[in-house]
Every structure is written in structure tokens, then in C-alpha cells.
Amino acid sequence: MKRAELWKDIRQTKETIDNALNNFDQVTDPALIDYYSYTLKAAGIRYQFLLKQAKRLNLSVPE
């Protein structure tokens with residue numbers, strides 16, 4: 001995985017988490033609560049994976 005691509009994936013995944021958190025706080029329908037819960041869980045796992053990849057490659061935050 002290219003470094004720029006990895007950072008792009010990290011940013012997009014963080015955005016997914018932020019959006020899911022915001023939407024989770026807004027919904028009351030049980031189906032949507034479940035949906036955003038699963039989205040948060042999946043995106044969190046992906047985010048941790050991507051951060052481990054970045055650490056493994058000794059990447060620093062791009063400016």
C-alpha cells in the first residue's frame with residue numbers, strides 16, 4: 001500500500017467514524033441505532049488496522 005493511499009484511507013475511515021457518531025446521536029429508530037453501532041464497530045476495527053500499518057511503516061503525519 002502506498003503511503004499517500006494509506007493516509008487517505010486513514011482520513012476517510014476517521015471521517016466515517018465521526019459521521020457515524022454524529023448520526024448515532026441523532027437517531028431514535030432501533031434499526032438505525034443498530035446500523036450506526038455496526039458502522040462504528042467496523043470502522044473502528046479498520047481504523048486500528050490502518051494505524052498499525054502506518055506504525056509498521058514508520059509513517060508520520062503528513063503536513
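If you read the sequence from its start, that first residue is 1, and numbering goes on from there.
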Report task. With sequence neighbours left out, write down each residue that passes side chain to side chain contact (heavy atoms under 4.5 Å, CB included) with Glu15, or none if nothing qualifies. Result -> Asn19
Report summary line: Distance col, row Leu59:CG vs Leu50:CG, nearest 0.5 angstrom, shows 11.0 Å
Query raised in the report: Is Phe49 reachable from Ile45 through a run of hydrophobic residues whose side-chain heavy atoms are each under 4.5 Å from the next?
Result: no
Query - Connected via hydrophobic side-chain network under 4.5 Å: Tyr47 and Leu21 - result: yes
Query - Distance (rounded to the nearest 0.5 Å) between Ile17 CD1 and Phe24 CZ - result: 14.5 Å
Report summary line: salt bridge (Lys or Arg N to Asp or Glu O under 4.0 Å) pairs touching residues 17-43, sequence neighbours excluded, are Lys14-Asp18
Report task. Kindly compute the distance separating CG (Asn23) from CG (Leu40), expressed to the nearest 0.5 Å. Result -> 9.5 Å
Query raised in the report: Is there a side-chain contact between Tyr35 and Thr39, using heavy atoms and a 4.5 Å cut-off?
Result: yes
Query raised in the report: Which distance, rounded to the nearest 0.5 Å, do you find between the CD1 of Ile10 and the CZ of Arg46?
Result: 9.5 Å
